[in-house]
Student: 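A single structure is presented below for examination.
All values derive from a computational prediction rather than experimental measurement. Counting starts at 1 for both ligands and their atoms, in listed order.
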Amino acid sequence: MTEENLSHQRVGDHIQLKPGLNGLLEIHLKYGQASLTLSQQGAQITSYKPDGHSELLWLSRTADFLPGKAIRGGIPLCWPWFGQHLDDSDQPQHGYARTSDFDLFASQADDQSTRVVLRLNCPNPKWQESVNGLRMEFEVRLSKHLWMEVRTINLSDKDIKVGAALHTYFQVANASGVQIPEIKGLDYKDKTRGFATFNQSEHLTVESETDRVYLNPPKVVSLVDPGQQQTLEIQTWGNTDLVVWNPWKDNACKMADFDDEGYTSMICIEPANALDNQVRLAPGEQHCLGKIIRLCS
Ligand code: TA6
């Protein structure tokens, strides 16, 4: 979709802006009976209900909705790095995007979908000089499924390395009962064991803290949740990795914005350019990281 053909057109009640908790501006999209909510802060999707279905995303009951504080749940955008900054530990985990304000750059609603493009105000004096030459925008298209894409373009005259993730929190009946069949056989770096590399020789069962960066994942993975009799198909592009995370009980209790029992009903599945798999963008080059979430049953 190019900029010129996506403007603020025919949005009617398909796209509405209104203040949410603590006055954080929210963007509400509708397509038929499907609905989605984004926070202007971080361009973070906080709710997604497909047509005729309940909420697919997990949101902590103790999530903060405060300016400059990451919202615990939904789909935080980790950008322009994933995890700890590789060179400067004083920099915020998962980068600046999720605690920064985005502008609603374009919006359109028609028979195909209801879509918005949000653009991150760059440069930002708060940010590291090294990333101020980037422009980032996030496009969301709501239709019978959910399409999203983070686009990063290097507007500077030097190479810039970028990491990112669509840090998606999925609502599940019971974290210990879900399967992600397509990760079986993949190598992964295990954060709980010093990012050492292991192989997922058997199907993953989440029964303790799980924090893994799966390498070179297939472009389509599924989240099978027998407890809800639900399967989601997640089609991805632009990612080198797939992160799977559940903090489990002790870590959940240590995070004030993570409700203590919330770990039992969530799993994060995150297409990413993580750790040292950052993308090097030459001047003028663009990188797209995206995915489609389809409810299969
Ligand atoms: O995506 C997994 C992870 O990197 C975990 O290590 C954990 O730190 C999680 O992200 C949440 O990070 P946050 O900064 O949102 O608390």
Student: So, E26 versus H28: side-chain donor-acceptor pair below 3.5 Å or not?
Tutor: yes

Student: Within 45° of the ring axis of F258 and under 6.0 Å from its six-membered ring centre, is that where the NZ or CZ of R72 lies?
Tutor: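 Because its charged atom misses either the 6.0 Å distance or the 45° angle limit, R72 does not stack over F258.
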
Student: Write none if no such pair exists; otherwise list each N/O atom of ligand 1 with its protein N/O partner under 3.5 Å and the distance.
Tutor:
unit_1: ligand 1; atom_1: 1 (O); unit_2: H167; atom_2: NE2; d: 2.9
unit_1: ligand 1; atom_1: 1 (O); unit_2: E270; atom_2: OE1; d: 2.9
unit_1: ligand 1; atom_1: 1 (O); unit_2: E270; atom_2: OE2; d: 2.9
unit_1: ligand 1; atom_1: 4 (O); unit_2: H94; atom_2: NE2; d: 3.4
unit_1: ligand 1; atom_1: 6 (O); unit_2: K191; atom_2: NZ; d: 2.7
unit_1: ligand 1; atom_1: 6 (O); unit_2: D211; atom_2: OD2; d: 2.5
unit_1: ligand 1; atom_1: 8 (O); unit_2: Q93; atom_2: NE2; d: 3.0
unit_1: ligand 1; atom_1: 10 (O); unit_2: H94; atom_2: NE2; d: 3.0
unit_1: ligand 1; atom_1: 10 (O); unit_2: H167; atom_2: NE2; d: 3.1
unit_1: ligand 1; atom_1: 12 (O); unit_2: Q93; atom_2: NE2; d: 3.0
unit_1: ligand 1; atom_1: 12 (O); unit_2: H94; atom_2: NE2; d: 3.4
unit_1: ligand 1; atom_1: 14 (O); unit_2: Q93; atom_2: NE2; d: 2.8
unit_1: ligand 1; atom_1: 14 (O); unit_2: R98; atom_2: NH2; d: 2.8
unit_1: ligand 1; atom_1: 15 (O); unit_2: R72; atom_2: NH1; d: 3.1
unit_1: ligand 1; atom_1: 15 (O); unit_2: R98; atom_2: NH1; d: 2.8
unit_1: ligand 1; atom_1: 16 (O); unit_2: R72; atom_2: NH1; d: 3.1
unit_1: ligand 1; atom_1: 16 (O); unit_2: R72; atom_2: NH2; d: 2.9

Student: Could you check whether the rings of W245 and H167 sit parallel, tilted or perpendicular, using 30° and 60° as the cut-offs?
Tutor: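 If you compare the ring of W245 with that of H167, the planes turn out perpendicular.
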
Student: Indicate yes or no for a side-chain donor-acceptor contact from S176 to the backbone of E207 under 3.5 Å, with no hydrogens or angles considered.
Tutor: no

Student: How long is the span from the NZ atom in K144 to the OG atom in S113, to the nearest 0.5 Å?
Tutor: 11.0 Å

Student: Report the residues that fulfil side chain to side chain donor-acceptor pair (under 3.5 Å) with T99, sequence neighbours left out, ordered by chain and then residue number.
Tutor: none

